[in-house]
Amino acid sequence: MQLLHWLKVNVLKIVVMIGTFSLALAFAGNDLVNFIGVTLAGFDSFVTYVSSGVAADELYMTSLEGAAKTPIFFLFAAGLVMVIALWISKKARKVLQTSIGLASQQSSENEMFGSSSFARNLVRVTTKFVAFVASKTPQCVKQWVNKRFTPLEEREDVAFDLVRASVNLVLAGLLIAVGTSLKLPLSTTYVTFMVGMGSSLADRAWGRESAVYRVTGVVSVVGGWFITAGAAFILAVLVAAVMYFGGFVAMFLTIALVIYLLYRNSVEYKKKQEAESVDSNMRVMLDSGDKDAVWAALKAHSAETLSKSLSFSATTYKTLFEAFAKDSLRPIRNSMNRLADEKALLKKNRRIETRGMQRIDRQLAFERSTWYHLCTNSCQQMLNTLMRIAEPMKEHTEHSFNPLSLSYIEEFTPLCNEVHEVLSDINTIISSDNYTMAQEVSERAKELKHRLATLRKVQTARLQQSTGSLRMDFVYLNLVQESHELLSEVRNLLRGANKYFG
């Protein structure tokens with residue numbers, strides 16, 4: 001290595017290459033045992049029983065004291081299956097993406113784990129402690145320490161610099177190889193993950209913007225391993241008991257259940273992957289060096305985001321009213337759950353599109369960014385408005401209070417349909433990029449706002465004279481008020497979209 005350094009060769013690249021090969025061998029050696037160890041031990045036991053010529057209850061366990069004899073063909077066949085599985089398995093890539101994302105120098109994808117109260121409290125306490133230590137540390141010492149954290153390369157398309165990649169690969173491969181040779185029951189993924197987290201923590205990759213998400217991710221992953229261990233222990237007991245008492249019938253039923261669960265898991269995973277898939281516009285925004293191409297992709301991605309948000313808002317608004325009118329709790333609960341997911345998705349898309357905005361022409365970004373943020377803020381407020389509609393409805397329905405009266409249903413149903421139509425028409429305008437009808441739809445929304453304002457005054461007067469259910473009257477008044485606010489936000493969205501995409 002010293003000779004290569006003298007020859008002006010980047011030694012760290014050699015270390016990374018050798019470390020990758022070493023880690024692959026360490027993984028293969030350990031995972032091959034985990035993959036076929038139990039199966040081959042069982043097969044060897046069966047061969048021993050057949051060759052002994054005695055009854056099963058007369059065969060002594062001393063025949064299994066020695067090492068299992070593994071035919072070389074089985075090793076090659078199992079290795080081939082592992083290679084094919086790693087090559088085509090999307091789940092294997094997902095595991096790698098999770099580990100690399102949490103340990104990465106970049107902090108853009110760590111919000112996938114959310115945040116937990118434990119992580120928030122831990123980060124808050126640690127931050128205060130670090131601030132206290134920093135206030136007592138001489139400036140010259142802090143400058144010397146900071147010089148030790150100068151990265152070798154500043155690139156957004158790599159998760160690690162060469163120093164950290166060298167540490168991660170070599171140290172993880174070494175620990176796995178040593179653990180396997182000592183016959184320790186270790187998890188290769190766990191070792192690699194924790195090495196990556198340790199090195200990322202040591203070189204300040206855990207900034208204040210990402211620390212909470214990283215800590216939550218670590219707790220989730222580590223906790224998942226412990227939960228898996230407990231679940232495996234309990235299920236092993238149950239399966240053994242079922243097969244012992246149920247015989248061949250239970251065995252075949254268990255096999256059928258396993259096949260079904262594997263199939264269902266595969267289908268659900270595929271649906272989840274399709275929902276999380278990165279579209280082509282996003283790839284262009286983040287990878288292309290052509291500013292015009294980035295701008296075209298950004299407009300297409302933004303239009304799709306706004307269109308989906310409008311479509312969701314229109315459907316949810318109508319669903320909430322119809323469910324409340326029918327005194328049905330489940331659709332309201334489901335809508336609230338979907339609202340939380342939609343808010344998270346909108347936040348993610350906004351972060352990605354803002355990164356795209358940073359990569360277009362500076363003057364163009366200056367002209368359009370205000371209107372873009374107006375659009376996304378309007379979408380955010382629309383979702384907040386829908387949540388404010390749903391929460392009183394959920395509470396009212398959960399407590400089995402008096403349902404919405406028939407007169408209120410008949411009074412508000414036409415207004416609900418018109419609000420839904422306005423949202424759908426604005427969605428059509430944005431998705432088709434044709435704003436010739438924008439002014440007309442905006443006027444319809446304005447006129448509908450006036451009618452809702454009039455109804456709000458009428459409902460307020462009713463409250464003063466009400467002799468019925470005040471709870472139901474308040475929920476209805478809230479529905480009218482928030483519908484008025486929803487139209488205000490969607491008009492702002494239409495105005496901003498016209499300026500942004502025009």
Side-chain angles (χ1 to χ4, degrees), residues 114 308-347 376-424 426-427 445-446 448-493:
K308 288 182 178 179
S309 183
L310 275 167
S311 177
F312 173 84
S313 298
T315 302
T316 303
Y317 176 77
K318 194 167 186 178
T319 299
L320 287 173
F321 173 69
E322 291 177 349
F324 187 57
K326 296 175 182 177
D327 198 30
S328 179
L329 179 59
R330 185 184 295 272
I332 298 176
R333 281 179 174 170
N334 292 339
S335 295
M336 293 183 69
N337 292 333
R338 289 195 295 270
L339 275 167
D341 294 338
E342 187 68 19
K343 289 173 72 174
L345 179 61
L346 181 63
K347 182 179 178 182
T376 53
N377 285 340
S378 297
C379 284
Q380 182 69 43
Q381 291 304 317
M382 287 169 61
L383 297 179
N384 291 339
T385 300
L386 291 170
M387 187 64 79
R388 291 195 297 270
I389 291 175
E391 286 174 347
M393 288 181 173
K394 175 177 174 289
E395 180 183 0
H396 190 92
T397 310
E398 267 185 336
H399 289 79
S400 299
F401 293 143
N402 290 332
L404 193 64
S405 66
L406 182 60
S407 60
Y408 285 169
I409 295 174
E410 293 176 348
E411 180 180 66
F412 195 78
T413 295
L415 294 171
C416 174
N417 292 333
E418 289 185 47
V419 172
H420 181 270
E421 288 176 7
V422 167
L423 293 175
S424 300
I426 294 177
N427 180 21
K446 183 178 179 180
L448 188 53
K449 280 181 60 181
H450 289 318
R451 290 164 57 191
L452 287 169
T454 303
L455 179 58
R456 180 177 58 195
K457 294 177 182 178
V458 171
Q459 182 61 18
T460 303
R462 288 172 182 163
L463 280 171
Q464 304 300 321
Q465 307 168 3
S466 177
T467 57
S469 173
L470 281 176
R471 291 190 178 93
M472 185 258 290
D473 289 339
F474 277 126
V475 176
Y476 183 63
L477 176 62
N478 178 73
L479 172 62
V480 175
Q481 290 174 328
E482 296 300 338
S483 299
H484 184 275
E485 291 300 316
L486 185 65
L487 287 172
S488 297
E489 294 300 335
V490 79
R491 289 187 74 212
N492 289 334
L493 172 60

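Within the structure, every pair that satisfies the side-chain hydrogen bond (donor to acceptor under 3.5 Å, both in side chains) test and touches residues 377-387, not counting sequence neighbours, is listed here: K343-N384, R350-N377, T385-R388.
In this structure, CD1 on I389 lies 11.5 Å from CE on M336, to the nearest 0.5 angstrom. Rounded to the nearest 0.5 angstrom, S311 OG and K308 NZ are separated by 10.0 Å. For the atom pair CG (L339) and CD1 (I332), the distance works out to 11.5 Å, reported to the nearest 0.5 Å. Summarising the geometry, atom CG belonging to L487 is positioned 9.0 Å from atom CE belonging to M382; distances are rounded to the nearest 0.5 Å. From L479, atom CG reaches atom SG of C416 across 7.5 Å, with rounding to the nearest 0.5 Å. To the nearest 0.5 Å, atom CD of residue E485 and atom CG of residue N478 are 10.5 Å apart.
Scored by the ring pair (Phe, Tyr, Trp, His ring centres under 6.0 Å) test, H399 finds F401 as partners (sequence neighbours excluded).
A heavy-atom distance below 4.5 Å is not found between the side chains of V475 and E395. H396 places none of its side-chain heavy atoms less than 4.5 Å from the side chain of F474. Between L423 and H420 the shortest side-chain heavy-atom distance does not fall below 4.5 Å. Annotation: side chain of E342 is not in contact with side chain of L386 (no heavy-atom distance under 4.5 Å). In this structure the side chain of Q459 reaches within 4.5 angstrom of the side chain of R462, judged on heavy atoms. Within the 4.5 Å cutoff, the side chain of L404 has no heavy atoms near those of the F412 side chain.
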(message) I'd like to know whether S328 forms a side-chain contact (heavy atoms from CB on, under 4.5 Å) with T397, so could you lay out the CA-CA distance, the side-chain angles of the two residues, the decisive distance to 0.1 Å, and finally the verdict.
(response) CA-CA 7 Å; S328 179; T397 310; over 6 Å; no

(request) Apply side-chain contact (heavy atoms from CB on, under 4.5 Å) to V490 and V419, showing your working. (result) CA-CA 10 Å; V490 79; V419 172; over 6 Å; no

(message) Run the side-chain contact (heavy atoms from CB on, under 4.5 Å) test on L329 and E398 for me, step by step, so that the C-alpha distance in whole Å, both residues' side-chain angles and the decisive distance to 0.1 Å come before the verdict.
(response) CA-CA 7 Å; L329 179 59; E398 267 185 336; 3.7 Å; yes

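The minimum heavy-atom distance between L346 and L383, with the atom names listed, is CD2-CD1, 4.0 Å. Here the closest heavy-atom approach between residue A445 and residue V422 is recorded as CB-CG1, 3.9 Å.
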Would you be so kind as to tabulate the donor-acceptor pairs closer than 3.5 Å made by side chains of residues 316-323, with sequence neighbours excluded?
unit_1: T316; atom_1: OG1; unit_2: F312; atom_2: O; d: 2.8
unit_1: Y317; atom_1: OH; unit_2: S483; atom_2: OG; d: 2.7
unit_1: T319; atom_1: OG1; unit_2: T315; atom_2: O; d: 2.8

